[in-house]
Amino acid sequence: IACRAQNTAQTGISVGASCTLIGCGAISGSSDGILLTNYCVLRDCSSTVNQGGGFNGDSFVGFNGCTYTNCTAGKITGTGFTVGAGSTLTGCSATDSTGSGSGGFVGGAGCTFRNCTAGTNTGSGFIADSGSTVADCTTGSNSLDGIRINPGIGSTVRNCTARANLGYGIFVNGGCHVMGNTCDGNLTGINMGTGAAGGEANRVDGNSCTSNQNYGFLTGNTGFNSLFIRNSARGNAFGNYQIGSNNAAGPIVNMSAGGT
């Protein structure tokens, strides 16, 4: 179904379970742009200049298992995409969310974000929960973190680029795989979380962290049992590696005065 909602006083488009929306748009509404329930499919949809969230499918009210392909959220006062557990997003973008702390993508447990873009949001670019995958995504110039796996554990962040975020490029808690990412010009490039499960048993492999304001790689004193191998770092103001002694790291080879 293709549809359009503009200048609505409440939610622009609201659909029931297992619906399919193709080429739909919500613009300049006073609440959420597109509100979904469980197991919906969206393709080539957009939500712009709405006063609530862009695409709302929050797991707290059971809106799970939705699929979004090539959808766009922009210039809204809430979060671009709020999606429930087990949702999949491919080729989507969320930019210019302007509300206090409003982010690009917020997902429940077991979500997959692939080839998505988050930029210039006042919150984090991506926030994901346990068992999620963020792969081949780009996140930049957000006011908080680029990619944040919190409070969940056991997620994968792979082949992503995080640049010029005011918070961490990538922040993860325990049991995560962080592989093949590029983190430049953030507060810290890659930060292992703290707390009961924070910083425990992560694999940090083949990442590059350059010119971050604090550290390239950071675990702090509470992180333990994580493995750091085949990473590179240079030009990070506080140091390239700040890895606690209870972790394992491959040999750090100083290739030049400015990099390791």
Side-chain angles (χ1 to χ4, degrees), residues 58-60 64 79 81-87 89 101 103-114 116 118 121 123-137 139 142-162 165-183 186-209 212 214-231 233 236 238 241-249:
D58 196 309
S59 61
F60 290 106
N64 303 320
T79 296
F81 293 79
T82 304
V83 301
S87 295
L89 297 89
F105 299 85
V106 176
C111 288
T112 298
F113 303 88
R114 184 175 291 112
C116 294
N121 299 292
S124 295
F126 295 83
I127 298 177
D129 210 328
S130 297
S132 294
T133 297
V134 184
D136 303 301
C137 294
T139 176
N142 299 290
S143 297
L144 295 177
D145 301 329
I147 298 169
R148 185 176 184 88
I149 308 297
N150 189 44
I153 60 175
S155 294
T156 296
V157 183
R158 182 179 67 243
N159 298 336
C160 294
T161 299
N165 299 287
L166 297 184
Y168 307 122
I170 297 173
F171 177 97
V172 300
N173 277 310
C176 293
H177 287 199
V178 184
M179 302 175 294
N181 303 288
T182 300
C183 299
N186 307 285
L187 180 64
T188 283
I190 296 175
N191 185 12
M192 308 294 106
T194 59
E200 177 182 354
N202 297 294
R203 182 183 179 96
V204 185
D205 186 350
N207 304 281
S208 173
C209 293
N212 295 287
N214 289 350
Y215 296 99
F217 297 85
L218 174 65
T219 64
N221 293 326
T222 60
F224 62 99
N225 289 342
S226 289
L227 173 64
F228 293 78
I229 56 173
R230 296 182 295 198
N231 300 290
N236 300 287
F238 287 10
Y241 300 93
Q242 181 66 29
I243 299 173
S245 60
N246 293 321
N247 300 280

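Index from 1, following the sequence. No hydrogens, no waters, no symmetry mates; every other heavy atom, side chains included, goes into these values. Being a predicted model, the structure only gives us computed values, none of them experimental.
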Any heavy-atom pair between the side chains of [Y] and [X] that's under 4.5 Å?
X: Ile190; Y: Phe217; value: yes
X: Cys116; Y: Phe126; value: yes
X: Tyr168; Y: Leu187; value: yes

Spacing of [atom1] belonging to [X] relative to [atom2] belonging to [Y], to within rounding of 0.5 Å:
X: Thr133; Y: His177; atom1: OG1; atom2: NE2; result: 10.5 Å
X: Ser87; Y: Asn64; atom1: OG; atom2: CG; result: 6.5 Å
X: Met179; Y: Asn159; atom1: CE; atom2: CG; result: 8.0 Å
X: Gln242; Y: Asn191; atom1: CD; atom2: CG; result: 10.5 Å
X: Asn236; Y: Thr188; atom1: CG; atom2: OG1; result: 8.0 Å
X: Glu200; Y: Cys176; atom1: CD; atom2: SG; result: 11.0 Å

Exercise. Go through the steps to decide whether Asn202 and Val178 satisfy the test side chain to side chain contact (heavy atoms under 4.5 Å, CB included), and finish with yes or no.
Key: CA-CA 8 Å; Asn202 297 294; Val178 184; 5.6 Å; no
Backbone N/O of [Y] and side chain of [X]: donor-acceptor pair under 3.5 Å:
X: Asn142; Y: Gly103; value: no
X: Asp145; Y: Gly167; value: no
X: Asn247; Y: Ser226; value: yes
X: Ser130; Y: Ile153; value: yes
X: Thr139; Y: Ile147; value: no

Self-check item: Test applied, side-chain contact (heavy atoms from CB on, under 4.5 Å); reference residue, Ile170; option that passes from Asn207, Asn186, Asn181
Solution: Asn181
Exercise. Go through the steps for Val134 and Ser155 under the test side chain to side chain contact (heavy atoms under 4.5 Å, CB included), then give the verdict.
Key: CA-CA 8 Å; Val134 184; Ser155 294; over 6 Å; no
[X] to [Y] - nearest heavy-atom pair and separation:
X: Ala162; Y: Gly169; answer: CB-O, 3.6 Å
X: Gly84; Y: Cys111; answer: O-SG, 3.1 Å
X: Cys209; Y: Gly189; answer: SG-CA, 4.0 Å
X: Ala109; Y: Ser132; answer: C-OG, 4.0 Å
X: Ile243; Y: Ala249; answer: CD1-CB, 4.4 Å

Practice problem: Please work out whether the ring planes of Phe105 and Phe81 are parallel, tilted or perpendicular, with thresholds of 30° and 60°. | Solution: parallel
Exercise. Test side chain to side chain contact (heavy atoms under 4.5 Å, CB included) on Leu218 and Phe238 and set out the steps.
Key: CA-CA 10 Å; Leu218 174 65; Phe238 287 10; over 6 Å; no
Quiz item: For Asn173 and Asn150, does a side-chain donor sit closer than 3.5 Å to a side-chain acceptor?
Solution: yes
Quiz item: Who pairs with Asn225 by side-chain contact (heavy atoms from CB on, under 4.5 Å), at least two apart in sequence or on another chain?
Solution: none
Practice problem: Indicate yes or no: does Asp205 engage Arg230 in a salt bridge with an N to O separation below 4.0 Å. | Solution: yes
Exercise. Could you go through the side chain to side chain contact (heavy atoms under 4.5 Å, CB included) check for Met192 and Val204 one step at a time?
Key: CA-CA 10 Å; Met192 308 294 106; Val204 185; 3.8 Å; yes
